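Here is how names work: the chains are called A, B, and so on, in the same order as the sequence lines, proteins then strands, and each is numbered from 1. On a predicted model such as this, the values are computed, not experimentally measured, just so you know.
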Protein chains: 2
Amino acid sequence: MNGQIDELDRGIIRCLSKDGRMSFTEIATQLNVTEKTIRSRYKNLIDHEILQVVGVVNPTAIGVKAGAIIELMVELMALEQVIEGLRNLREVRFITTTSGKYQIMTQIAVPSQDDLSSSFKRIRDIPGIIEMNSIIQLNVYKNTFQYI
Amino acid sequence: MNGQIDELDRGIIRCLSKDGRMSFTEIATQLNVTEKTIRSRYKNLIDHEILQVVGVVNPTAIGVKAGAIIELMVELMALEQVIEGLRNLREVRFITTTSGKYQIMTQIAVPSQDDLSSSFKRIRDIPGIIEMNSIIQLNVYKNTFQYI
DNA sequence: AATGAAACTCGGATCTG
DNA sequence: CAGATCCGAGTTTCATT
């Protein structure tokens, strides 16, 4: 395995995308190979960090119902520290640097609208931030992590 | 089960967040209950769509290395159709309505920078869009779906 | 909570290109 | 040599008690 994946790997990924606990035997039957083959391919995918099988909670079901997207203009010297500061906040789920006027865009997820303002404050307190533009999410219509 | 989850459920979720294929027996040992209990709790979590165990691919490992965030101003009458148009695009992974100047914010994930422009064009062609502001993601520093 | 049958996992030996 | 197959022992699942 050299980092490339083939049709069989994609088949395994497709199966596990639907049900991460599908048995190797079942996958093997569907893809017409032996269970051992699936098992070793699976191990390779996991070892190479191509695939990850994990439990994902539905945020609304556990009471995480509000979110916002925040654009940050930062002092360039402080870029790394701001990212580190954001990364350490539990409610921050996405951080990227971006083209355009703002250097950082981040997304937060919190229980309710009321929790947004305290989160905004926590972020504003990170040293190095020049300007902050907060956009509140109203309704989420798609949120997938199936990139295949 | 009434929609609320207790400490044991959270324990199960915590275990499966690390390894979605951990055996029920193993989880039972870690949490000091019987395997049968874990199995029925698991079923409840799945049935109530609180938890989902799925294979997640590392996008960069499969060659999805570029992304962008797009803000859209749309004709209010066309809001639903625009959302539907976006939802049907494979590369669109996130759609939300937002407060502020733009009504929709969406995120796309594609193999390379070169694929961004064709994706932008596909989006611009959705009827009902008045203005479109594209922000290219440079580096992603955090991208979690563990909200717990 | 315990039992037991059926299904699944997983390592070793073997085969193939 | 990497990767696939066959096979058998050891676990896990899961319905019944």
Trainee: Is the phosphate of C/dC8, meaning OP1 or OP2, less than 4.0 Å from a side-chain N or O of A/Arg39?
Mentor: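 So the side-chain polar atoms of A/Arg39 never come under 4.0 Å of the phosphate oxygens OP1 or OP2 of C/dC8.
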
Trainee: Who else is in the cluster with B/Ile130 when I, L, V, M, F, W and Y are joined by side-chain contacts under 4.5 Å?
Mentor: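 Besides B/Ile130, the cluster holds B/Met73, B/Tyr102.
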
Trainee: Quick one: the side chain of A/Lys36 and the base of C/dG12, do they pair up donor-acceptor inside 3.5 Å?
Mentor: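 Checked by distance alone, the answer is yes.
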
Trainee: With a 4.5 Å cut-off on side-chain heavy atoms, are B/Gln103 and B/Thr98 touching?
Mentor: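 Counting from C-beta outward, B/Thr98 and B/Gln103 never come under 4.5 Å.
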
Trainee: Using the ring of each side chain (for Trp, its six-membered ring), is A/Phe24 parallel, tilted or perpendicular to A/Tyr42, with breaks at 30° and 60°?
Mentor: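 A/Phe24 and A/Tyr42: tilted rings.
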
Trainee: From CD of A/Glu7 over to P of D/dG3, roughly how many Å is that when rounded to an integer?
Mentor: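 Spelled out: CD on A/Glu7 to P on D/dG3 is 17 Å.
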
Trainee: Taking atom CD of B/Glu49 as the centre, does the number of heavy atoms from other residues, nucleotides or ligands within less than 6.0 Å exceed 12?
Mentor: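 Count not over threshold, so no.
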
Trainee: When the axes are fitted on five pairs at both termini, how much does the helix from C/dA1-D/dT17 to C/dG17-D/dC1 curve, in 10° steps?
Mentor: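 Computed from the C1' atoms at both ends, the axes differ by 30°.
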
Trainee: Quick one: do the B/Ser112 and B/Asp115 side chains pair a donor with an acceptor below 3.5 Å?
Mentor: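 The answer is yes; a qualifying pair exists.
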
Trainee: Please determine whether the number of non-hydrogen atoms from other residues, nucleotides or ligands lying under 6.0 Å from atom CZ of B/Arg90 exceeds 12.
Mentor: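 Open.
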
Trainee: Taking only heavy atoms on the protein side, list every residue of residues 13-33 of chain B lying under 4.0 Å from any atom of DNA chain D, sorted numerically.
Mentor: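 Those residues whose heavy atoms fall under 4.0 Å from DNA chain D, taken from residues 13-33 of chain B in numerical order, are B/Ser23, B/Phe24, B/Thr25.
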
Trainee: Would you indicate which nucleotide in D/dT5, D/dT16, D/dC14 comes nearest to any side-chain atom of A/Thr34?
Mentor: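 Nearest listed nucleotide: D/dT5.
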
Trainee: Round to a whole Å and report the spacing from CD of A/Glu35 to P of C/dC10.
Mentor: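 About 8 Å, once rounded to whole Å.
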
Trainee: In whole Å, I'd like the distance from the CG atom of A/Asp47 to the C1' atom of D/dA2.
Mentor: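 Checked: the CG to C1' distance equals 15 Å.
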
Trainee: Decide yes or no for A/Arg93 and B/Asn143: does some side-chain heavy atom of the first lie under 4.5 Å from some side-chain heavy atom of the second?
Mentor: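 Side-chain contact under 4.5 Å: yes.
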
Trainee: Is the shortest side-chain N to carboxylate O distance from B/Glu91 to B/Arg122 below 4.0 Å?
Mentor: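 Salt bridge: yes.
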
Trainee: Write down the distance between CG (A/Leu8) and C1' (D/dG3), rounded to a whole number of angstrom.
Mentor: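 Atom-to-atom, A/Leu8 to D/dG3, this comes out as 11 Å.
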
